[in-house]
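None of these values were measured; they are calculated from a predicted model.
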Amino acid sequence: MPSDSALRIVWIYPDLLSTYGDQGNVLVLEHRAQRRGIETETIHVRSADPVPESGDIYLIGGGEDRPQILAAERLRRDGGLHRAIAHGAAMLAVCAGYQIMGSTFGGEEGQPVDGIGLLDIASTRGPARAVGELVAEVDANLGLPTLTGFENHMGVTSLGPGVKPLSQTIKGVGNGDGFEGCYAGHVVGTYLHGPALARNPALADLLLSWRAGELAPLDDTRYEQLRQERLSSVLAQ
């Protein structure tokens, strides 16, 4: 990211995929960037609009079956997100948005629906809805603390050789195979709501660092104390 330009945050299809408060991820990125003196510009891309290719960090959230199918169709036709990622942009895709990034996902009746093929994953509908707190230990290569969040999905996601598991589940369902989410390059997919970046600010900082470079530390002492208390409470249940 050029030092004389704002960090561009692109929120994809808030009119379709913003059911579970995932727009909070946008607010967290803005806040943590601005606390470090990094200027931000946020672009809300509605489903009738083209996806700009000049963003730095792209975000997409969760939603219901029909909006998810429509979002996948429009992203496939548009192609802007693929080009942005190919140019080095970072991305966080959550829940329905995570499934869309793969080759297929389960439709309203469980039928396979084409995704956009940005991640080497495939999702189907599972036998039961996964609802509740989720705790997972992150791939050591990413250098992040334990992830926490809330999951609410019917998806079972299989990972191909082109991606790595984001984390290993301690509590909850995640992908359905003992792991939660995945990543490849600067693209992260996850089932975590909460929103994810509010519950896991270190993940927000990782996304920021991929585009803004090394970040100045922030005093998160009180927040970390609250995070540890929440984590202990969830694991004790």
Side-chain angles (χ1 to χ4, degrees), residues 1-18 22-34 36-62 71-103 115-121 138-139 141-144 159-160 162-164 166 181-190 192 195-197 200-215:
M1 185 186 70
S3 60
D4 59 348
S5 64
L7 182 130
R8 304 187 79 199
I9 301 169
V10 182
W11 176 231
I12 299 174
Y13 298 171
D15 53 330
L16 295 178
L17 299 176
S18 186
D22 296 315
Q23 189 171 348
N25 292 323
V26 177
L27 302 178
V28 172
L29 281 178
E30 290 173 339
H31 179 67
R32 295 188 72 80
Q34 291 164 7
R36 296 178 166 97
I38 300 171
E39 182 182 353
T40 63
E41 176 189 357
T42 300
I43 303 165
H44 289 215
V45 180
R46 298 182 68 82
S47 57
D49 301 329
V51 177
E53 301 174 30
S54 57
D56 291 293
I57 303 175
Y58 291 75
L59 301 164
I60 188 167
E73 292 173 349
R74 295 190 175 186
L75 285 172
R76 285 198 309 271
R77 290 199 305 266
D78 181 274
L81 180 59
H82 279 81
R83 292 188 289 273
I85 298 302
H87 295 154
M91 181 170 193
L92 175 68
V94 175
C95 202
Y98 170 36
Q99 294 179 359
I100 285 172
M101 297 301 115
S103 59
I116 68 170
L118 191 61
L119 288 172
D120 185 14
I121 63 173
V138 184
D139 182 337
N141 291 318
L142 296 178
L144 300 179
L159 309 186
V163 298
K164 296 180 180 179
L166 175 63
C182 75
Y183 72 100
H186 291 168
V187 179
V188 175
T190 181
L192 292 174
L197 299 186
N200 304 282
L203 179 56
D205 287 352
L206 178 66
L207 293 167
L208 289 171
S209 71
W210 282 341
R211 295 301 294 161
E214 186 175 354
L215 301 175

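No side-chain donor-acceptor contact under 3.5 Å links D15 to the backbone of R46. With hydrogens and angles ignored, the 3.5 Å screen pairs no side-chain donor or acceptor of D22 with any backbone N or O of G61. Side-chain N or O atoms of R211 include none that pairs as donor or acceptor with a backbone N or O of L207 at under 3.5 Å. Counting only distance, with no hydrogens or angles, the side chain of T40 and the backbone of R8 share no donor-acceptor pair below 3.5 Å.
Taking both residues in full, the closest heavy atoms of W11 and P14 are given as NE1-CB, 3.0 Å, listed atom of the first, atom of the second, then distance. When all heavy atoms of L7 and A212 are compared, the closest pair comes out as CD1-CB, 4.1 Å. Considering every non-hydrogen atom in both L197 and A204, the closest pair reads CD2-N, 3.6 Å. Between A89 and Y58, the shortest heavy-atom distance links the atoms CB-CE1, 3.6 Å. The nearest pair of heavy atoms linking P52 to A84 is O-CB, 4.4 Å. Considering all non-hydrogen atoms of both residues, C182 and I121 come closest at SG-CG2, 3.8 Å.
Side-chain contact between I12 and M91: present, with at least one pair of heavy atoms (C-beta onward) separated by less than 4.5 Å. The shortest distance between side-chain heavy atoms of N25 and V28 does not fall below 4.5 Å. L142 places none of its side-chain heavy atoms less than 4.5 Å from the side chain of L203. Looking only at side-chain heavy atoms (C-beta outward), I60 and M101 come within less than 4.5 Å of each other. For the pair L59/L29, a side-chain contact is recorded, criterion being any heavy-atom separation below 4.5 Å from C-beta on. Contact check for L144 versus N200: no side-chain heavy atoms found under the 4.5 Å cut-off. Put simply, the side chain of T190 reaches to within 4.5 Å of the side chain of L92, judged on heavy atoms. Using a 4.5 Å heavy-atom cutoff, the side chains of L81 and V10 are not in contact.
Under the rule for a salt bridge (charged side-chain N to carboxylate O under 4.0 Å, His left out), the partners of R83 that lie at least two apart in sequence or sit in another chain are E53. Shown here are the salt bridge (charged side-chain N to carboxylate O under 4.0 Å, His left out) partners of R74, two or more places apart in sequence or in another chain: there are none. Residues satisfying the side-chain hydrogen bond (donor to acceptor under 3.5 Å, both in side chains) test with E73, not counting sequence neighbours, are none.
Interatomic distance, CG of L119 versus CD of Q99, reported as 12.0 Å (0.5 Å rounding). Here T42 contributes atom OG1 and E30 contributes atom CD; the two are 3.5 Å apart, rounded to the nearest 0.5 Å. Atom CD1 in I100 sits 11.5 Å away from atom CG in L118 (nearest 0.5 Å). Put simply, CG on L166 and CG on L192 are 7.5 Å apart, with the number rounded to the nearest 0.5 Å. Distance check, rounded to the nearest 0.5 Å: CG of L208 to CZ of R36 gives 6.5 Å.
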Going through the checks in order, is the side-chain contact (heavy atoms from CB on, under 4.5 Å) test met by L215 and I38? CA-CA 10 Å; L215 301 175; I38 300 171; 4.0 Å; yes
